[in-house]
Amino acid sequence: MRWSQTFVPTLKETPSEAEIASHKLLLRAGLIRKLTGGLYTFLPMGLRSLQKISQIIREEMDRAGGLEVLMPALQPPEIWKESGRYETASDVLFKAKDRSQREWVLGPTHEEVVTSLAASEISSYRQLPKNFYQIQTKFRDEIRPRFGLMRAREFIMKDAYSFDVSDEAAQTSYQSMFDAYVRIFDRCGLKALPVEADTGVIGGKFSHEFMVPAEVGENDVVYVETGDYAANVEKATSGLKSPLADQEAVEVSALSAVEKFATPGVKTIDALAKAPFNVPANHQIKTLVYVVEDKPVIFLLLGNDQLNEAKIAGVLGSTQFRPAEPAEINDWLGAYPGSLGAVGVDDIPVYADDFLKGGYDLTTGANENKFHIRNVSVERDIKVKAFADFRTVQAGEPCPITGKPLMVQSAIEVGHVFKLGSKYSEAMNASFLDETGKSNPCIMGCYGIGVTRTLQAIIEQCHDDHGIKWPVSVAPYAVCITPLGNKPESEVMKVAESLYSQLTEAGVDVMLDDRDERPGVKFKDSELVGFPIRVGIGDRSLANGEIEIKPRGGELSKVKVDDAVKHVLDWIKSQ
RNA sequence: CGGGGCGUAGCGUAGUCUGGCUAGCGCGCCUGAAUGGGGUUCAGGAGGUCGGGAGUUCGAAUCUCCCCGCCCCGACCA
């Protein structure tokens with residue numbers, strides 16, 4: 001491609017809408033332009049990279065046995081009602097009406113469509129396994145689109161759905177997708193870490209997210225340096241023992257009676273930990289009130305622990321919950337946050353973190369404003385419906401596998417593999433007859449990659465102060481030929497044209513900067529757009545029969561004109 | 001949805017508090033010249049519903065109200 005013939009609107013200054021490096025560079029390098037919040041046009045350079053990523057995904061999906069299809073983005077609400085997600089996913093569903101007032105939804109994902117396909121087309125175990133995938137535009141009514149392509153209203157996703165005859169077979173499908181994902185991100189030049197992910201209300205062990213460590217990530221990943229453990233913080237556990245485990249075993253009957261004491265002005269764990277009370281946070285009980293499916297529920301944790309909502313969802317089997325409002329809490333418990341406790345509560349279900357099990361000599365709110373109570377024994381004084389792991393792991397705690405300190409790092413989720421089981425196949429009657437003629441629901445898995453988000457994650461991971469540093473595999477063009485001057489009859493331009501056609505014939509994607517711009521402009525632009533290798537041709541070096549080769553971010557070297565093509569090809573091959 | 005910030009030419013911005021002549025500057029763009037190895041220089045030029053509406057006023061980018069849009073934080077830790 002000739003620079004003068006394509007469209008690469010680079011910007012010297014950053015539009016004020018961009019906050020993070022990758023978003024700024026997407027705009028400055030002329031890859032995308034915003035139509036409105038969360039909606040972007042891909043310009044030639046951005047689209048080329050996107051297509052290269054898509055192609056890598058296709059090749060690896062095909063290699064793993066995936067079958068490419070294309071499903072409708074516009075979908076009838078009926079299938080969403082059938083799966084039950086018309087209600088549960090309604091927050092993200094874009095809805096529209098046609099001329100006869102019939103309702104439609106824009107697909108945020110395609111489990112319903114693909115399951116309905118399987119329901120009508122799959123009838124025998126002989127047809128299984130199958131793995132259908134597509135690269136499609138998804139629509140989600142995001143609460144807050146942000147960071148350019150990172151969280152958009154409309155975005156491109158690769159989604160795959162596997163159908164198997166059994167759990168064991170589904171695990172094989174799952175593993176095959178997992179392996180494909182490792183190869184895909186590797187080929188994209190992206191360091192993406194597979195981590196154990198929360199399985200939400202479906203449960204089970206089979207869910208991994210592929211995370212790109214980045215300051216601007218929206219997820220926190222807990223991992224150990226040895227690589228033996230990595231999990232989303234929503235899912236992560238640690239090897240830490242409860243501080244209360246050190247308490248001597250004492251008969252409940254031997255414990256002191258609970259005692260109420262005044263705590264004017266004390267509304268936080270921290271305040272109670274300070275003088276004059278000096279109750280260590282890990283000997284306080286934190287009382288959190290939630291509204292779960294319109295009913296109050298209490299969660300108890302040690303004072304220095306933080307509640308993990310994803311774990312709530314797992315234990316309760318529901319995502320329909322929210323923190324209670326202070327007014328609601330006052331109605332139910334007779335006190336406001338800051339003085340809450342579960343002692344004596346028997347009409348509201350109380351769930352307690354495992355760390356509280358058997359604890360005594362604890363302090364908690366009295367359910368009377370400005371009062372707390374001490375000498376609380378969990379076993380004696382609190383009616384706990386169930387104990388479970390509700391706490392959020394913190395950096396520095398021991399790894400559950402190696403015992404080494406855990407690290408916490410924010411990361412961008414670029415991929416997710418998930419064993420679905422039979423949730424959708426049962427709801428939508430996607431079943432098959434086995435060898436014995438018995439009908440069984442298909443065991444499903446789903447596997448997503450945010451294609452547009454991956455593009456941005458690559459830029460977030462591969463850039464410097466000058467611009468993008470594309471991995472060759474996903475660069476819009478691998479090579480940028482930069483003649484200094486653009487007179488067609490000049491020796492410089494003749495050499496440039498010759499290299500351009502030779503490299504193009506060799507199958508390399510080449511950009512020829514044939515613009516009538518000064519050298520500085522061309523250099524700056526080629527670095528901003530981020531071509532992996534630049535071939536500089538000017539009078540000076542040409543006088544010695546040489547041209548200049550400069551890998552992006554690497555050292556400049558001079559080579560003979562006749563060796564130039566070989567050098568470039570070798571360099572690309574070495575990547 | 002809650003909180004905060006912003007909205008002036010394609011981009012970045014000054015001016016707004018304290019109302020007042022023709023809304024200023026840089027980049028980019030157009031014309032011409034010089035220059036030609038790191039966003040070069042000089043001269044000339046085009047480009048503005050000051051987000052929209054209503055109001056206050058002799059007079060509004062500036063003050064008031066409403067609306068729209070964009071960005072950030074939050075929507076768990078009592």
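All chains are named by letter (A, B, ...) in the order of the sequence lines, taking the proteins before the strands, and each is independently numbered beginning at 1. Because the structure is predicted, anything quoted here is derived from the model rather than measured.
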Does A:Arg146 make a side-chain donor-acceptor contact with the base of B:rG74, cut-off 3.5 Å?
no
What nucleic acid atoms does A:Ile329 come within less than 4.0 Å of, heavy atoms only: base, sugar-phosphate, or nothing?
base
With a 3.5 Å cut-off and sequence neighbours excluded, list the donor-acceptor pairs that the side chains of residues 280-288 of chain A form with protein atoms.
{"from": "A:Gln284", "atom 1": "NE2", "to": "A:Ile269", "atom 2": "O", "distance (Å)": "3.1"}
{"from": "A:Gln284", "atom 1": "NE2", "to": "A:Val279", "atom 2": "O", "distance (Å)": "3.0"}
{"from": "A:Lys286", "atom 1": "NZ", "to": "A:Asp305", "atom 2": "O", "distance (Å)": "2.7"}
{"from": "A:Thr287", "atom 1": "OG1", "to": "A:Leu340", "atom 2": "O", "distance (Å)": "3.3"}

How would you label the contact of A:Glu17 with the nucleic acid (heavy atoms, under 4.0 Å): base, sugar-phosphate, or nothing?
sugar-phosphate
Could you tell me whether A:Glu103 and A:Lys97 have a side-chain N and a carboxylate O separated by less than 4.0 Å?
no
Just to be sure I understand the rule, does A:Arg28 reach a base, reach only the sugar-phosphate, or reach nothing, if contact means heavy atoms closer than 4.0 Å?
base
Does a nitrogen or oxygen in the side chain of A:Arg33 sit under 4.0 Å from OP1 or OP2 of B:rG10?
no
Side-chain N or O of A:Ser16 less than 4.0 angstrom from OP1 or OP2 on B:rG12?
yes
How is A:Phe147 classified with respect to the nucleic acid when contacts are heavy atoms under 4.0 Å: base, sugar-phosphate, or nothing?
sugar-phosphate
Which base sits across from B:rG28 as a Watson-Crick or G-U pair, both distances under 3.5 Å?
none
Passes salt bridge (charged side-chain N to carboxylate O under 4.0 Å, His left out), A:Lys524 versus A:Glu517? Steps please.
CA-CA 11 Å; A:Lys524 287 289 185 191; A:Glu517 288 288 355; over 6 Å; no
Please classify the nucleic acid contact of A:Pro519 as base, sugar-phosphate, or nothing, using heavy-atom distances under 4.0 Å.
sugar-phosphate
Contact class for A:Arg391 (heavy atom, under 4.0 Å): base, sugar-phosphate, or nothing?
nothing
Base, sugar-phosphate, or nothing: which does A:Lys267 touch, judged by heavy atoms less than 4.0 Å apart?
sugar-phosphate
Using a 4.0 Å heavy-atom cut-off, does A:Leu484 contact any base of the nucleic acid, only the sugar-phosphate backbone, or nothing at all?
base
Would you classify A:Lys34 as touching base, sugar-phosphate or nothing, given that sugar-phosphate means primed atoms plus P, OP1 and OP2, and contacts are heavy atoms under 4.0 Å?
sugar-phosphate
With a 3.5 Å cut-off and just heavy-atom distances, do the side chain of A:Glu13 and the base of B:rG28 make a donor-acceptor pair?
no
Heavy atoms only, 4.0 Å cut-off, all strands: where does A:Leu307 land among base, sugar-phosphate and nothing?
base
Can you find a donor-acceptor N/O pair under 3.5 angstrom joining the side chain of A:Asp525 to the base of B:rG39?
yes
So what does A:Thr392 touch, heavy atoms closer than 4.0 Å: a base, only the sugar-phosphate, or nothing?
nothing
Answer yes or no: side-chain N or O of A:Glu517 and base N or O of B:rG39 forming a donor-acceptor pair under 3.5 Å.
no
Under 4.0 Å, heavy atoms only, any strand: does A:Leu301 hit a base, just the sugar-phosphate, or nothing?
nothing
Does atom CG (A:Asp294) have a neighbourhood of more than 12 heavy atoms from anything else shown, all under 6.0 Å?
no
Looking at every strand, decide which applies to A:Asp270 at a 4.0 Å heavy-atom threshold: base, sugar-phosphate, or nothing.
nothing
Hey, does A:Ser541 reach any base, or is it just sugar-phosphate, or nothing, if we go heavy atoms under 4.0 Å?
base
Any side-chain N or O of A:Arg540 below 4.0 angstrom from OP1/OP2 of B:rG37?
yes
Without swapping roles, check the side chain of A:Trp80 against the backbone of A:Ser90 for a donor-acceptor pair under 3.5 Å.
no
